[in-house]
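Everything below concerns the one structure shown next.
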Amino acid sequence: MNFPLLTVTAAVPAVGAILTAAVPAARRTAAKWLALFFSLATLALAVLVAVRFEPGGDRYQLTESHSWIADFGVRYELGVDGIGVVLIALTALLIPFVIAAGWHDADPLETHSSRWRPTQGFFALILLVEAMVIISFEATDVFLFYIFFEAMLIPMYFLIGGFGDRAHSGSDENAAAQRSYAAVKFLLYNLVGGLIMLAAVIGLYVVAGNFSLQEIAAARAAGTLDMATNTERWLFLGFFFAFAVKAPLWPLHTWLPNAMGEATAPVAVLITAVVDKVGTFAMLRFCLGLFPEASKWATPVILVLALISIVYGALVACGQRDIKRLVAYASISHFGFIILGIFAMTSQGQSGATLYMVNHGLSTAALMLVAGFLISRRGSRLIADYGGVQKVAPVLAGTFLIGGLATLSLPGLAPFVSEFLVLVGTFARYPVVGIIATFGIVLAALYTLVLYQRTMTGPVKEEVRTMPDLRLREVLVVAPLIALLIGLGVYPKVLTDIVNPAVKHTMSDVKQTDPKPEVAVEAKNGEAAK
C-alpha cells in the first residue's frame with residue numbers, strides 16, 4: 001500500500017486545529033507556536049507533493065481511492081494534477097504568513113476575562129480552513145469535493161464575525177453589527193450557491209450513476225455516458241453558479257467587500273488569496289471536465305460577465321476611501337481576469353489563469369498584510385487619515401509599494417506574466433474581448449498609484465508622525481512574499497512546467513485547440529502559392 005501523502009497533507013492541519021483549540025486558555029502563546037508549527041509541517045508536506053509529482057506523467061497522481069458510502073456510489077478519491085499541485089503549494093505557503101501576521105489579532109483587548117478573545121480558537125479555525133481547502137484541491141469524487149466546499153463556510157463565518165478588524169470608525173456596538181452583517185452575508189450567499197450545486201450534484205449522479213470524476217470522464221470518452229444536451233446545460237449552470245459565488249464573479253460579488261472590510265487583514269488574505277481560489281479551480285476541474293459542451297455553450301455570457309467584473313471592480317476600487325475595500329474591489333477585477341482566461345478556451349489563457357491564481361494570492365497577501373500593519377498602527381482604514389508615511393516608516397512604505405506594483409502587474413513581478421498570458425490567450429480567440437479587458441490594466445495603475453500617493457507621500461500628518469516602521473516579525477512575514485513575487489516574475493518556468501500538461505488535458509476535455517495566428521496562416525498560403 002502506497003503512503004497516503006494527500007490524506008496526510010490535509011490531515012496535519014486538521015489535527016493541528018484540534019490540538020491548538022485544546023490548549024489551556026492561559027497558554028495563548030503556546031497555542032500560537034503550535035499553530036505555526038503545524039502550518040510549517042503542512043508546507044513541508046506540500047513541498048513533498050510537488051517534488052513527487054511528475055509533470056509529464058499521468059493526469060492525476062498520488063491517487064487514493066477507498067469505498068465510503070457504497071450504496072450511493074460515493075468514494076473517498078483523491079488525486080492531483082498540475083493545477084492542484086500549485087494551488088496546494090500556494091495554500092500551504094500562505095498559511096504560516098497568515099498566522100504570523102495575525103499573531104496579536106486575537107489577543108485580549110483588556111485584562112478583564114469578559115473581554116478576552118478566544119485566541120486558541122482563532123488559530124484553530126485558520127488551520128481548519130487550510131485542511132478543508134487542501135482536500136478540496138485533492139478531491140476527485142464530486143460528492144467528497146462538495147462536502148468540503150460547503151464545510152469551509154463554517155470556520156470562515158466565525159473568523160469573519162467573531163474576529164473582526166479592530167480599526168473601526170464607529171462604536172463597539174456598531175463594529176459588532178457590521179461584522180455580524182458581513183459574516184451572515186458571506187454565509188448566505190455561499191450557502192445559496194452550495195444548495196443549487198447540491199441539486200446539480202444529485203442530478204449528475206442520476207445521469208452518471210456515480211460521483212467519480214475520472215469514471216465519468218472515461219465514460220464520456222468511450223461514448224457510454226448518455227447525457228442530453230439540455231440536461232448537461234442545467235447541471236453546468238448549477239455547478240457554475242456555486243463557483244461564481246465563491247470566485248466571486250459579478251453580479252454575485254457583493255459579499256466580498258463586506259467580508260474583507262470587516263475581517264482582520266490576515267483573515268481577509270485567507271478569504272481572497274486562499275478560499276476564493278477553490279471557485280476558480282473548480283471551474284477548470286469540474287465545469288470544463290464534466291460538462292465540456294455546456295461550457296462552450298455558456299462561454300459568450302461568461303466572458304461578458306468576466307469583462308464586467310474586470311472593469312467594474314477596477315472602477316469602484318478607484319473611488320474607494322477604505323483601504324481594505326479598495327483591495328477587495330481590486331480582487332474582484334483580478335478574478336475577472338482569471339475567469340476570462342479559463343473560458344477563453346486557449347492553452348495560453350488557461351495557463352495564465354492558473355498562474356494568476358497563484359500570483360494574485362501572493363500579491364494580494366503582500367499588499368493586504370502590509371496594509372494591515374499600517375492600519376493597526378494608525379487605527380483607521382480610511383485613506384484620508386494617512387499621508388507622508390514613507391518619511392517616518394520607509395520600510396513599510398517600500399513593501400507597500402512593491403505589493404501595489406505587483407497588484408497592477410508591473411513587468412518583472414509575477415502577476416505580469418499571468419495577466420499577459422490571459423490577454424494573449426483571450427485575444428487569440430476573442431480579440432474584441434481581449435482589447436476591452438486591457439482597460440482593467442489602466443484602471444489598476446490608477447487606483448494603486450493614487451492609493452500610494454495619498455497614504456505614503458506628501459506632508460506628514462500629525463497622527464502618523466510617531467508611527468513605527470515594520471518590526472522584525474512583520475519583515476519576516478512580508479520579505480519572503482516579495483522575494484517570490486520577484487522570483488516568479490523573472491523565472492515563471494518553475495510553475496508553467498507543472499501547469500501546462502494539466503492545461504492540455506483540460507483543453508482535450510473541451511475538444512479545443514489553439515487558434516493559429518492569421519499572419520502565420522497567410523505566410524504559409526503564400527509559400528504554397530509560389
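Scope of the values below: all heavy atoms of this structure, side chains included, with no hydrogens, waters or symmetry mates.
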If you apply the rule side chain to side chain contact (heavy atoms under 4.5 Å, CB included), what do you find for L127 with S39, and how did you get there? CA-CA 7 Å; L127 289 175; S39 69; 4.2 Å; yes
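- Remark: side-chain polar atoms of K32 are paired, donor with acceptor, to backbone N or O of W103 under 3.5 angstrom.
- Summarising the geometry, atom CG belonging to L355 is positioned 7.5 Å from atom CG belonging to N500; distances are rounded to the nearest 0.5 Å.
- Taken to the nearest 0.5 Å, the CG atom of L367 stands 10.0 Å off from the CG atom of L408.
- Within the 4.5 Å cutoff, side-chain heavy atoms of M197 are placed close to those of V201.
- Between F97 and V478 there is no side-chain heavy-atom pair separated by less than 4.5 Å.
- The shortest non-hydrogen separation linking T254 to P257 is O-CD, 3.5 Å.
- Distance alone, capped at 3.5 Å, places no donor-acceptor pair between the K246 side chain and the T280 backbone.
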Table please: side-chain donor-acceptor pairs of residues 421-429 below 3.5 Å, with sequence neighbours left out.
residue: T426; atom: OG1; partner: V422; partner atom: O; Å: 2.7
residue: R429; atom: NE; partner: A344; partner atom: O; Å: 3.2
residue: R429; atom: NE; partner: M345; partner atom: O; Å: 3.3
residue: R429; atom: NH2; partner: M345; partner atom: O; Å: 3.0
residue: R429; atom: NH2; partner: T513; partner atom: O; Å: 2.7

Would you check, one step at a time, whether the test side chain to side chain contact (heavy atoms under 4.5 Å, CB included) holds for L307 with Y312? CA-CA 8 Å; L307 278 180; Y312 167 83; over 6 Å; no
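- At a threshold of 4.5 Å between non-hydrogen side-chain atoms, the residues H505 and D81 do not count as touching.
- Of the residues T354, T496, N359, the one that meets the side chain to side chain donor-acceptor pair (under 3.5 Å) test with S418 is N359.
- Atom CD1 of I126 is separated from atom CE of M156 by 9.0 Å, given to the nearest 0.5 angstrom.
- Looking at heavy atoms from C-beta onward, M152 lies in side-chain contact with S136 at the 4.5 angstrom threshold.
- The nearest pair of heavy atoms linking V358 to L90 is O-CD1, 3.7 Å.
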Step by step, would you call Y146 with F211 a ring-ring contact (aromatic ring centres under 6.0 Å, His included)? CA-CA 11 Å; Y146 172 78; F211 294 106; 9.8 Å; no
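- Looking at V74 and N210, their side chains never come closer than 4.5 Å, going by heavy atoms from C-beta outward.
- Between I342 atom CD1 and F337 atom CZ the span is 14.0 Å, to the nearest 0.5 Å.
- Contact of the T140 side chain with the L78 side chain is not registered, since no non-hydrogen atoms from C-beta on lie closer than 4.5 Å.
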Side-chain donor/acceptor pairs under 3.5 Å, residues 7-16, sequence neighbours excluded:
residue: T7; atom: OG1; partner: E64; partner atom: OE1; Å: 2.4
residue: T7; atom: OG1; partner: E64; partner atom: OE2; Å: 3.4
residue: T7; atom: OG1; partner: Y76; partner atom: OH; Å: 2.7
residue: T9; atom: OG1; partner: L5; partner atom: O; Å: 2.7

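- Using a 4.5 Å heavy-atom cutoff, the side chains of I134 and F148 are not in contact.
- Between F143 and Y205, the ring centre distance reaches or exceeds 6.0 Å.
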Decide yes or no on side chain to side chain contact (heavy atoms under 4.5 Å, CB included) for V142 and F286, but give the supporting numbers first. CA-CA 8 Å; V142 177; F286 296 103; 4.0 Å; yes
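- The backbone N or O of E77 lies less than 3.5 Å from no partner atom in the side chain of D141, so there is not a single donor-acceptor pair.
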Name the atoms and distances for all side-chain donor-acceptor pairs under 3.5 Å in residues 328-336, with sequence neighbours left out.
residue: S331; atom: OG; partner: T272; partner atom: OG1; Å: 3.3
residue: S331; atom: OG; partner: V327; partner atom: O; Å: 3.1
residue: S331; atom: OG; partner: H360; partner atom: NE2; Å: 3.3
residue: S333; atom: OG; partner: I310; partner atom: O; Å: 2.8
residue: H334; atom: ND1; partner: A330; partner atom: O; Å: 3.2
residue: H334; atom: NE2; partner: T407; partner atom: O; Å: 3.2

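- Annotation: the span from I83 atom CD1 to M357 atom CE amounts to 6.5 Å, rounded to 0.5 Å.
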For a quick test of your reading: what N or O donor-acceptor pairs under 3.5 Å do the side chains of residues 48-59 make, sequence neighbours left out?
residue: R59; atom: NH1; partner: D509; partner atom: OD1; Å: 3.3
residue: R59; atom: NH1; partner: D509; partner atom: OD2; Å: 3.0
residue: R59; atom: NH2; partner: D509; partner atom: OD2; Å: 2.8

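- For the residue pair E150 and G194, the shortest heavy atom distance occurs at OE2-CA, 3.3 Å.
- Partners of E419 by side chain to side chain donor-acceptor pair (under 3.5 Å), not counting sequence neighbours, listed by chain and number: Y356, S409.
- Side chain of S351 to main chain of Q348: no donor-acceptor pair is present (N/O by atom type, distance under 3.5 Å, no hydrogens or angles).
- For R285 (side chain) and F137 (main-chain N/O), a donor-acceptor pair under 3.5 Å exists by modelled atom type.
- At most 12 heavy atoms of other shown residues, nucleotides or ligands fall within 6.0 angstrom of atom CZ in F158.
- The minimum heavy-atom distance linking S363 with A406 is given by the pair CB-CB, 3.7 Å.
- One finds the CG atom of L34 at 4.0 Å from the OG1 atom of T20 (value rounded to the nearest 0.5 Å).
- Summarising the geometry of P96 relative to L93, their closest heavy-atom pair is CD-O, 3.3 Å, with the distance given to 0.1 Å.
- With a 4.5 Å cut-off on side-chain heavy atoms, V274 and V269 do not count as touching.
- Shown here for I271 and A263, the closest heavy-atom pair between the two residues is CD1-CB, 4.4 Å.
- Not counting sequence neighbours, the partners of F239 by the ring-ring contact (aromatic ring centres under 6.0 Å, His included) test are F291.
- Checking side-chain atoms of S508 against main-chain N and O of K504 turns up no donor-acceptor pair under 3.5 Å.
- For E232 (side chain) and M227 (main-chain N/O), no donor-acceptor pair under 3.5 Å exists by modelled atom type.
- If you run ring pair (Phe, Tyr, Trp, His ring centres under 6.0 Å) between F243 and each of F149, F281, F343, only F149 comes through.
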Under the side chain to side chain contact (heavy atoms under 4.5 Å, CB included) rule, what do I18 and L128 come out as? Steps first, then yes or no, please. CA-CA 8 Å; I18 296 171; L128 189 59; over 6 Å; no
